[in-house]
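What follows is a set of notes on a single structure, which appears directly below.
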Amino acid sequence: MSETALKPGAGPDTGPDSNRWKALIFIALAQLMVVLDATIVNIALPSAQQDLGISDGNRQWVITAYALAFGGLLLFGGRIADLWGRKRTFVTGLIGFAAASALGGAATGEAMMLGARALQGVFGALLAPAALSLLAVMFTDAKERAKAFGIYGAIAGGGGAVGLILGGFLTEYLNWRWTFFVNIPFAVVAALGAYFVIREPAGGRNRSPLDIPGVVLSTLGLVALVYGFTRAESAGWSDGVTITMFVASAVLLAAFVLTEGKVKSPLLPLRVLTERNRGGVYLSLGLAVIAMFGLFLFLTYYLQIVKGYSPVKTGFAFLPMIVGMIVGSTQIGARLMTRVPPRLLMAPGFLLAAVGMLLLTQLEIGTSYAGLIMPAQLMLGLGMGTAFMPAMSLATHGVEARDAGVASAMVNTSQQVGGAIGTALLNTIAASATTAYLTDHAAGATNPKLLQAQAMVEGYTSAIWWAVGILVVSALIAATFINTGAQGGTSSSSQDDVEDELKVPVMAH
């Protein structure tokens, strides 16, 4: 075996980089920018739509253009990071993301806006796996790794909710264009910091030729999958194009897996997926994100439409979840990661989040924020923060250095695809339940406005029940698949130990 494994306590070639904690600041800043962007644009969308004359039919493309480019190209971006160098890919991704954000903020029409969003997705797909794989190769000591991934996990989990607050402020007090322009200082500071501070460990490149069939099949397969779920949300599950997209996705992704098993230098080496701990992480995390994305959407609508909150007040209403995620990730997950097996953090974490979600099935029009919504969010945040932290670490630990980028890309891919599925699936369930409620109660209604609000809440709670079930399944997968021990351990340089670790990793992410 020509490459070293990423083992606790030893870098691939040399000792740990003395600037690694400074580097973490800039990597975390870049991650925050990407996660913020996923939710910040949702808040600004109604204003942007009006200004640019985007039709209701095309409005979803402002979100979809980004999701398709980002989700479809993540594996390719991870492979580029391994081939081209993670630092170079990271800085290039940041500069491109800033340029695309400037284009979006300056958009004068629909085409310019959609082009800018697609470009943001392309550069985000370079940036996200490079950021995560830099952490994987720079932090190799078990305790340091736990702290670094605790911070990263808190940002990955809580950044979306921060986006709601920032989006509300910018849209209400400046205008929607600033939800794009705000990315520029983030990107510039992170790119300059990364350029001067990050020193990528030597010996971790994968210089094998690029697997072009793999790139084409994976990109088209993931784009078809994400678009299928996005289209299902607006056109329905029985729509001809929706069904065609799902069939095409299944065929393309099956062909991708077959190709990867045969080519000499695969885009996604199957060894990254078939190790049971990493496979368990990708699956449980993807499912958990389905539940979380649906919740962000319903709670935002509930607070703004049913309770009448302003965008800024809605953003602040998500603060308990952010606090819970930060505490769960940095104080529980990071502190216990080196002492207990990951499954004993992930499974209880997902179950705690499920209990928080279960509370939200009790939502009614007059539900008290302090009495039910706030404690439910705290439990959700604590549970997800505790589970995300070891999951983020376990998804790249034990991989060969040359596979760090593509293993990181798989985490992002499972989250991105999970987000697209969650939004479409839970939205469709909610819409069906709302329609059924209106049909059943329309005859005896004396107040149509009240009936509409009750029907909406009925739709949200029906979908949230599904989210509870999905989180329970996540917990079961984490408990069943993930069997590695606590993420501490001693370093050993023998070939046998390296190969043993690749079969059963000692650590996580």
Side-chain angles (χ1 to χ4, degrees), residues 39 157-158 160-161 164 287-310 313-325 327-328 347-387 422-442 444-476:
T39 49
L164 295 170
L287 284 170
V289 169
I290 289 176
M292 286 298 288
F293 262 68
L295 178 80
F296 274 147
L297 194 71
F298 298 137
L299 215 45
T300 302
Y301 279 128
Y302 172 79
L303 292 170
Q304 287 196 25
I305 297 170
V306 178
K307 303 292 270 187
Y309 284 21
S310 69
K313 191 175 178 184
T314 302
F316 275 107
F318 279 96
L319 270 178
M321 195 185 298
I322 301 173
V323 170
M325 280 189 173
V327 171
F350 288 138
L351 285 176
L352 180 60
V355 173
M357 200 74 89
L358 190 63
L359 279 181
L360 290 172
T361 60
Q362 307 306 306
L363 277 181
E364 293 172 2
I365 290 176
T367 293
S368 155
Y369 175 81
L372 187 132
I373 298 169
M374 187 169 76
Q377 282 198 57
L378 273 169
M379 290 171 80
L380 261 165
L382 273 172
M384 293 303 263
T386 302
T423 305
L425 178 67
L426 296 178
N427 236 358
T428 309
I429 292 165
S432 303
T434 298
T435 306
Y437 187 91
L438 284 171
T439 307
D440 292 347
H441 296 79
T446 53
N447 185 338
K449 200 173 178 183
L450 183 64
L451 175 67
Q452 183 64 41
Q454 283 173 331
M456 284 173 72
V457 173
E458 180 68 23
Y460 301 155
T461 53
S462 299
I464 289 169
W465 271 111
W466 280 80
V468 172
I470 290 167
L471 282 170
V472 170
V473 172
S474 281
L476 286 172

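What you find for E458 and S462 is that their closest heavy atoms are O-OG, 2.8 Å. Here the closest non-hydrogen pair linking T435 and T439 is O-OG1, 2.8 Å. Listed here is the closest heavy atom pair of G371 and S368: N-OG, 2.8 Å. Considering every non-hydrogen atom in both A433 and G459, the closest pair reads CB-CA, 3.8 Å. Between L360 and T461, the closest heavy-atom pair is O-CG2, 3.9 Å. What you find for P320 and F316 is that their closest heavy atoms are CD-O, 4.2 Å.
For the pair S474 (side chain) and A288 (backbone), a donor-acceptor distance under 3.5 Å is present. Within the 3.5 Å criterion, the main-chain N or O of T367 finds a donor-acceptor partner in the side chain of K307.
Rounded to the nearest 0.5 Å, atoms CD1 (I365) and CG (L450) are 4.5 Å apart. Interatomic distance, L351 CG to T386 OG1, rounded to the nearest 0.5 Å: 12.0 Å. Summarising the geometry, atom CG belonging to L359 is positioned 5.5 Å from atom CE belonging to M379; distances are rounded to the nearest 0.5 Å. Distance check: L299 CG to L380 CG gives 9.0 Å after rounding to the nearest 0.5 Å. Note that CG of L319 is 10.5 Å distant from CG of L378, once rounded to the nearest 0.5 Å. F298 CZ to I429 CD1: the interatomic distance, rounded to the nearest 0.5 Å, is 7.5 Å.
Contact annotation: the side chain of L358 approaches that of W465 to within less than 4.5 Å [non-hydrogen atoms, C-beta and beyond]. Side-chain contact between M384 and L471 is present, with at least one heavy-atom pair separated by less than 4.5 Å. Residues M357 and W466 are not in side-chain contact: their nearest non-hydrogen atoms beyond the backbone lie 4.5 Å or more apart. A heavy-atom distance below 4.5 Å is found between the side chains of M292 and M321.
Relative ring orientation between Y460 and Y302 is described as perpendicular, the plane-to-plane angle rising above 60° on a 0-90° scale split at 30° and 60°.
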Assess whether side chain to side chain contact (heavy atoms under 4.5 Å, CB included) is satisfied between L438 and Q452, documenting all intermediate values.
CA-CA 7 Å; L438 284 171; Q452 183 64 41; 3.8 Å; yes
